[in-house]
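Letters go in sequence order (proteins before strands), and every chain restarts at 1.
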There are 2 protein chains.
Amino acid sequence: MFSKFLSLEKEKQDRIINAAIKEFAQKGYDKASTNEIVKEAGISKGLLFHYFGNKKQMYFFLFDYCTTLITDEYYLKVNFKETDFFTRIRQAIIVKMEMLGTHPDIFKFIQEVFLEDSPEIKVEFDKKKQEITHINMEKFYEGIDYSKFREDVDLKKIIKIITWTFEKLSDEVLNQAKMSPNHEIDYQNILDETEEYFQVLTRCFYK
Amino acid sequence: MFSKFLSLEKEKQDRIINAAIKEFAQKGYDKASTNEIVKEAGISKGLLFHYFGNKKQMYFFLFDYCTTLITDEYYLKVNFKETDFFTRIRQAIIVKMEMLGTHPDIFKFIQEVFLEDSPEIKVEFDKKKQEITHINMEKFYEGIDYSKFREDVDLKKIIKIITWTFEKLSDEVLNQAKMSPNHEIDYQNILDETEEYFQVLTRCFYK
DNA sequence: TTTCTGTTGACCATACGGGTCAATGACATC
DNA sequence: GATGTCATTGACCCGTATGGTCAACAGAAA
């Protein structure tokens, strides 16, 4: 399907992928312009369509590319033998922070895909999205030692509260970075703050 | 400025306001179409511009309208003499749920305004948005009795975790409603679940 | 009949979108 | 040098949609 594109030299592939991801992440499917993408990537318009056929197929390709990139990284760097919930979630957060630095637009793009409701896209993606979240959730919670949690409150709610906390924390970080002049992310600060939240949460939710 | 519009009969005002809010909430500033708004409102295009001058001024008007509507309701229904954090937050959530029923599009519109980054809009709104959040935050936390919270962990973090929990819970509710066939919100269910989270959070975060 | 206000919707300029394709360039084979 | 092959170009097409205007109209009041 995308063999023509895949047999390109890596550098050019990356230039195109990055340009496209950036555009889609910023504007969403409908408003993203192929003209902008080719301009940013430094190729001609015809070539883009030569590689991907049309806009929709390109979007599919990018989604696949991003999800495998991210999940591969998680599977590589997160130790799934670790049974402590907080230790495991800490690993995941560190991986996420790293990738926020190395591939700044990918997360925004993925998020955008999950919010997307352009009719052209929605139907075909809804299944995919559900599958992916399901698989990753299952994998993520696999083998966790839940016996450490206090037993006088509903465990499922505790897990949700913890997960939500770190999601919101990550949103806040992203927002702060967007507001800051240099657009840089202060990793040490984040890790410190994350660690502080870990302390609060372990103290309150563990036995 | 909007005197012509304001001197209309209330029913017509509402028809126009609701149509416009719905359109902006769904599509965001740029993609929202004045054509759609007039169609939905059942008025002619000329009339819309006769009332509001142009699209941007209409957007301003709607933002003002919505924020005052919401804050007025909060100030009316939330008892600011109540010093218990959870009791007060419970009141706020109930008001929000009620309004999610009576004015379904308003929250989506407000949310959309806060996410909006159309260059035409962004600059002029950034100040406004900050001011509003600041004022409301201050008012909301005024007079709360913090002595009930456990003292072995950072209070600010606890407050954040609680706030985030209910924000995420509300997001989840909205999402579930969007997914459900009838688009209805199951209020009893929400209130029950909210109550359960209250129990978890009080037990873990109060002394 | 005239005047006035509220209201209409066809119309304008124009921008921008995805997608195409004849033409070009680059390079290998003969 | 000629021929063939393949990647690559970008001017161009056509359809769509936009915010905004304005001459015309309706209907009530004077």
**Request:** Fit a plane to each ring of A/Phe109 and A/Phe24, take the angle between them on a 0 to 90° scale, and name the class: parallel (under 30°), tilted (30 to 60°) or perpendicular (over 60°).
**Result:**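 Taking A/Phe24 first and then A/Phe109, their aromatic rings sit tilted (interplane angle of 30° to 60°).
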**Asked** Hey, what's the ring geometry for B/Phe52 with B/Phe61, parallel, tilted or perpendicular (30° and 60° as the breaks)?
**Response**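 Judged by the thresholds at 30° and 60°, the geometry between B/Phe52 and B/Phe61 is tilted.
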[atom1] of [X] versus [atom2] of [N]: gap in Å, rounded?
X	N	atom1	atom2	value
B/Leu48	D/dG19	CG	C1'	11 Å
B/Asp30	D/dA17	CG	P	16 Å
B/Lys45	D/dA23	NZ	P	17 Å
B/Leu47	D/dG20	CG	C1'	14 Å
B/Ile37	D/dG20	CD1	P	11 Å

**Asked** Considering residues at least two apart in sequence or located in another chain, which fulfil the side chain to side chain donor-acceptor pair (under 3.5 Å) criterion with B/Asp30?
**Response**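 Scan of B/Asp30 (side chain to side chain donor-acceptor pair (under 3.5 Å), adjacent residues dropped) gives A/Lys31, B/Ser118.
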**Prompt:** For A/Lys12, which residues count as a side chain to side chain donor-acceptor pair (under 3.5 Å) partner, sequence neighbours excluded?
**Reply:**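 Partners of A/Lys12 by the side chain to side chain donor-acceptor pair (under 3.5 Å) criterion come out as none, since no residue qualifies.
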Any base atoms under 4.0 Å from [X], or only sugar-phosphate, or nothing? Heavy atoms, all strands.
X	answer
A/Phe5	nothing
B/Tyr51	sugar-phosphate
B/Lys31	nothing

**Prompt:** So, are A/Lys77 and A/Glu98 salt-bridged, with charged N and O less than 4.0 Å apart?
**Reply:**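 Yes.
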**Asked** Counting side-chain heavy atoms from CB outward, which of D/dT18, D/dG20, D/dT8 is closest to B/Asn35?
**Response**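 Nearest listed nucleotide: D/dT18.
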**Request:** Verify salt bridge (charged side-chain N to carboxylate O under 4.0 Å, His left out) between B/Lys108 and B/Glu112, making sure each step is shown before the conclusion.
**Result:** CA-CA 6 Å; B/Lys108 226 200 300 179; B/Glu112 201 286 315; over 6 Å; no
**Asked** Counting just side-chain N and O atoms, does B/Ser33 come under 4.0 Å of either OP1 or OP2 of D/dT18?
**Response**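 It does, given that an N or O in the side chain of B/Ser33 lies less than 4.0 Å from OP1 or OP2 of D/dT18.
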**Message:** Taking only side-chain N and O atoms of B/Lys55, does any of them lie within less than 4.0 angstrom of OP1 or OP2 on D/dG19?
**Reply:**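 Yes, B/Lys55 has a side-chain N/O under 4.0 Å of OP1/OP2 on D/dG19.
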**Message:** With a strict under 4.0 Å distance from non-hydrogen atoms of chain B, what nucleotide opens and what nucleotide closes the contacted stretch of DNA chain C, reading 5' to 3'?
**Reply:**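 Taking any atom under 4.0 Å from a heavy atom of chain B, the span is C/dT7 to C/dG9.
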**Request:** Find out whether the Lys NZ or Arg CZ of A/Lys148 is both under 6.0 angstrom from the six-membered ring centre of A/Phe85 and within 45° of the ring's axis.
**Result:**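 No - A/Lys148 does not lie over the ring of A/Phe85 by the 6.0 Å and 45° rule.
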